[in-house]
Amino acid sequence: MNDIVLKKIDESNFLEAFNLKLGQGQDEFVSNPVRSLAQAYVYYNQCTPFGIYFKDTMVGYVMIIYDYDLEEYDIWHMMIDEKYQHRGYGQKAMEKCLEYIKTKPFGASNKVVLTCNRDNRTAMELYRKFGFAETGNEDEDEIELALEL
């Protein structure tokens with residue numbers, strides 16, 4: 001599983017990201033990569049979109065953004081393509097995201113925040129494994145979780 005790497009999304013691989021597909025019913029949990037990449041473009045000075053690769057195949061997508069106002073890192077829109085789910089790629093991708101954040105690419109914060117749909121049990125379990133805990137902040141069906149590195 002050491003073959004999982006994060007590669008920045010750029011002109012050479014953005015179409016691969018556009019072709020990622022969610023499993024049935026998962027579109028209520030995660031934004032489509034097309035929408036996510038539009039957000040990454042808008043927030044280009046504080047955001048890095050990554051393809052999650054297993055060997056030479058993009059199996060997923062994630063964005064890491066820095067909130068300068070709150071001085072925290074946010075993990076946005078992590079998803080694994082439906083064909084590659086339940087193989088441990090999400091867990092390895094989260095490890096790689098946290099390694100990247102520890103390099104402090106945008107600011108000196110040790111706080112990592114993400115949101116998760118309360119009904120997305122698989123993702124909630126993954127985030128809790130890494131030590132993310134609920135902050136008490138909620139927005140509709142989204143629960144905020146945070147981790148101090």
*Identify the two heavy atoms, one from L6 and one from C97, that lie closest to each other, and give their separation to 0.1 Å.*
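Closest approach of L6 to C97: CD1-N, 3.8 Å.
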*Smallest separation among heavy atoms of C47 and P49, with atom names*: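 Closest heavy-atom pair between C47 and P49: O-CD, 4.0 Å.
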Are side-chain heavy atoms of [X] and [Y] found at a separation under 4.5 Å?
X    : Y    : result
Y127 : I75  : no
V112 : E72  : no
M78  : L126 : yes
Y73  : P105 : yes
M58  : K7   : no
M94  : L114 : yes

Interatomic spacing from [atom1] in [X] to [atom2] in [Y] - rounded to 0.5 Å:
X   : Y    : atom1 : atom2 : answer
Y53 : D3   : OH    : CG    : 14.5 Å
I80 : I52  : CD1   : CD1   : 4.0 Å
N13 : N19  : CG    : CG    : 11.5 Å
L98 : T103 : CG    : OG1   : 11.5 Å

*Around atom CD of E71, are there more than 12 heavy atoms of other residues, nucleotides or ligands at under 6.0 Å?*
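Not buried by this count: 12 neighbours or fewer within 6.0 Å.
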*asked:* Are there over 12 heavy-atom neighbours, none belonging to E140, within less than 6.0 Å of that residue's CD?
replied: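 For E140, atom CD is not crowded (no more than 12 foreign heavy atoms under 6.0 Å).
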_Which residues share a side-chain contact (heavy atoms from CB on, under 4.5 Å) with E134, sequence neighbours left out_ =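 Scan of E134 (side-chain contact (heavy atoms from CB on, under 4.5 Å), adjacent residues dropped) gives M124, R128, I143, L145.
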*Apply side-chain contact (heavy atoms from CB on, under 4.5 Å) to E144 and list each qualifying residue two or more places apart in sequence or on a separate chain.*
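So E144 forms a side-chain contact (heavy atoms from CB on, under 4.5 Å) with V113, T115, T135, N137.
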Exam field: side chain [X] to backbone [Y], donor-acceptor pair closer than 3.5 Å:
X    : Y    : answer
D74  : W76  : no
D81  : K21  : yes
S109 : K111 : yes

*So, T48 and Y100: side-chain donor and acceptor under 3.5 Å apart, yes or no?*
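A donor-acceptor contact under 3.5 Å links the two side chains.
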*Within the 6.0 Å centroid threshold, strictly below: F54 and Y84*: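 F54 vs Y84: aromatic centres not under 6.0 Å.
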*Could you list the residues that satisfy side-chain hydrogen bond (donor to acceptor under 3.5 Å, both in side chains) with K104, not counting sequence neighbours?*
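Result, side-chain hydrogen bond (donor to acceptor under 3.5 Å, both in side chains) vs K104: N110.
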Under 3.5 Å, side-chain donor or acceptor atoms of residues 60-67 against the rest of the protein: list the pairs with distances, not counting sequence neighbours.
| unit_1 | atom_1 | unit_2 | atom_2 | d |
| --- | --- | --- | --- | --- |
| D67 | OD1 | D69 | N | 2.9 |
| D67 | OD1 | L70 | N | 3.0 |

*Angle class for the Y44/Y41 ring planes (parallel below 30°, perpendicular above 60°, tilted otherwise)?*
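Aromatic pair Y44/Y41 classed tilted.
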*Does K102 pair with E99 as a salt bridge, N-O distance under 4.0 Å?*
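Judged by the 4.0 Å cut-off on N to carboxylate O distance, K102 and E99 do not form a salt bridge.
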*Partners of E16 by salt bridge (Lys or Arg N to Asp or Glu O under 4.0 Å), sequence neighbours excluded?*
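Checked E16 against salt bridge (Lys or Arg N to Asp or Glu O under 4.0 Å); zero matches.
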*Partners passing ring pair (Phe, Tyr, Trp, His ring centres under 6.0 Å) against F130 (at least two apart in sequence or in another chain)*: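 Ring pair (Phe, Tyr, Trp, His ring centres under 6.0 Å) list for F130, sorted by chain: empty.
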